[in-house]
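Read the structure below first, then the notes.
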Amino acid sequence: MPKVRGRSLRVLYDAETIARRNVEMAAEIKAAGYRNLLVISILKGSFVFAADLIRALHVAGLSPEVEFISLSSYKTGTTSTGKVSLVRDVETDVKGRDVLLVDDILESGRTLAFARNLMLKRGARRVAIAVLLEKPGKLAQPLKADHVGFVCPDLFVVGYGMDVAHAFRELPFVGVVEDKPVRTGRAGVRGSRARSRDGWLRRAAAGSHRGSRGRVGYRSRREP
Ligand code: IMP
Ligand code: MG
């Protein structure tokens with residue numbers, strides 16, 4: 001088990017597995033026949049996946065343009081507002097274009113629904129979605145990804161661009177930080193577990209970032 005920041009990480013998808021899947025996804029994307037393709041990477045979580053996917057697209061024989069948008073589902077804190085905000089917009093006019101939105105994870109679908117609606121409102125001809133991971137059964141609204149790397153268990157994952165408080169993004173694999181919740185006497189087991197996990201993840205991520213605005217929660221973090 002790899003150790004990072006003094007924590008053991010359980011690997012869910014290793015670098016080779018991801019690389020192989022990226023090649024397959026690029027072939028799927030090519031076969032979908034997008035025209036005048038604009039790839040939009042949703043920052044920050046998708047930056048590693050997008051970087052690998054666009055190079056796989058090149059190898060597959062596609063020549064997309066590539067853009068970035070930064071979205072956040074949470075302003076501050078760890079409580080879900082369910083509201084997505086636009087942090088940084090694309091610079092490209094998407095009118096009449098085929099757009100491929102690239103994100104790390106499809107969970108509630110709020111982030112991607114927001115991006116998709118925005119592009120459609122701006123007159124994109126076709127808006128498709130590619131995600132590395134999909135956590136099934138968690139959609140807050142109907143949304144279907146056109147290209148899915150892996151159907152992922154309902155765990156908080158890190159690596160390959162995904163983070164806890166901006167830590168662990170550098171990992172070449174997708175994994176789970178092994179958690180060792182400490183049960184405390186009085187609170188109910190569920191409550192104490194959730195609390196200890198929350199604090200534990202915060203500490204695991206803290207390291208050199210101590211003093212920065214901590215916005216970490218186990219289930220609640222959505223900052224891209
Ligand atoms: P949603 O589909 O709008 O709920 O949000 C998906 C976003 O939440 C992803 O783009 C990630 O930034 C973040 N997210 C969801 N689950 C995880 C996780 O397990 N690890 C890291 N980020 C996550
Ligand atoms: Mg994200």
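Values reported hereafter were calculated over all heavy atoms of this structure, with side chains retained and with hydrogens, waters and symmetry mates removed. As the structure is a computational prediction, the values presented were derived from the model and not from experiment. Order of appearance sets the numbers: ligands from 1, and atoms from 1 within every ligand.
- Of the candidates Val164, Asp104, Leu133, Leu106, it is Asp104 that places a heavy atom closest to atom 10 (O) of ligand 1.
- Within the structure, ligand 1 lacks Gly45 among the residues with a heavy atom less than 4.0 angstrom away.
- Listed by atom number, the atoms of ligand 1 under 4.0 Å from Thr111 heavy atoms are 1 (P), 3 (O), 5 (O).
- Under the 4.5 Å side-chain criterion, counting only non-hydrogen atoms from C-beta, Leu53 is in contact with Met25.
- Considering both main-chain and side-chain atoms, Val158 never comes within under 3.5 Å of ligand 1 through any nitrogen or oxygen pair.
- Counting the atoms of ligand 1 from 1 in the order shown, those under 4.0 Å from a heavy atom of Asp103 are 10 (O).
- A distance-only check finds a donor-acceptor pair linking the side chain of Arg97 to the backbone of Asn36 [under 3.5 Å].
- Connection of Val174 to Leu155 is established within a shared hydrophobic cluster, with ILVMFWY side chains joined at heavy-atom distances below 4.5 Å, either directly or through further cluster members.
- Ion pairing between a basic and an acidic side chain is recognised when a charged N comes within 4.0 Å of a carboxylate O; Arg125 and Asp98 show such pairing.
- Under the 4.0 angstrom criterion for non-hydrogen atoms, Leu155 is in contact with ligand 1.
- Scanning for side-chain contact (heavy atoms from CB on, under 4.5 Å) contacts around Ala113 gives Gln141, Leu143, with sequence neighbours left out.
- A salt bridge links Asp89 with Arg122: at least one charged nitrogen is closer than 4.0 Å to a carboxylate oxygen.
- Between Lys3 and Glu178, no side-chain nitrogen of the basic residue sits less than 4.0 Å from a carboxylate oxygen of the acidic one, so the salt-bridge criterion is not met.
- By the criterion of a heavy-atom distance under 4.0 Å, both the backbone and the side chain of Val157 are placed next to ligand 1.
- Residue Lys138 places no heavy atom under 4.0 Å from ligand 1.
- Close approach to Ser108 involves these atoms of ligand 1, each under 4.0 Å from a residue heavy atom: 1 (P), 2 (O), 3 (O), 4 (O).
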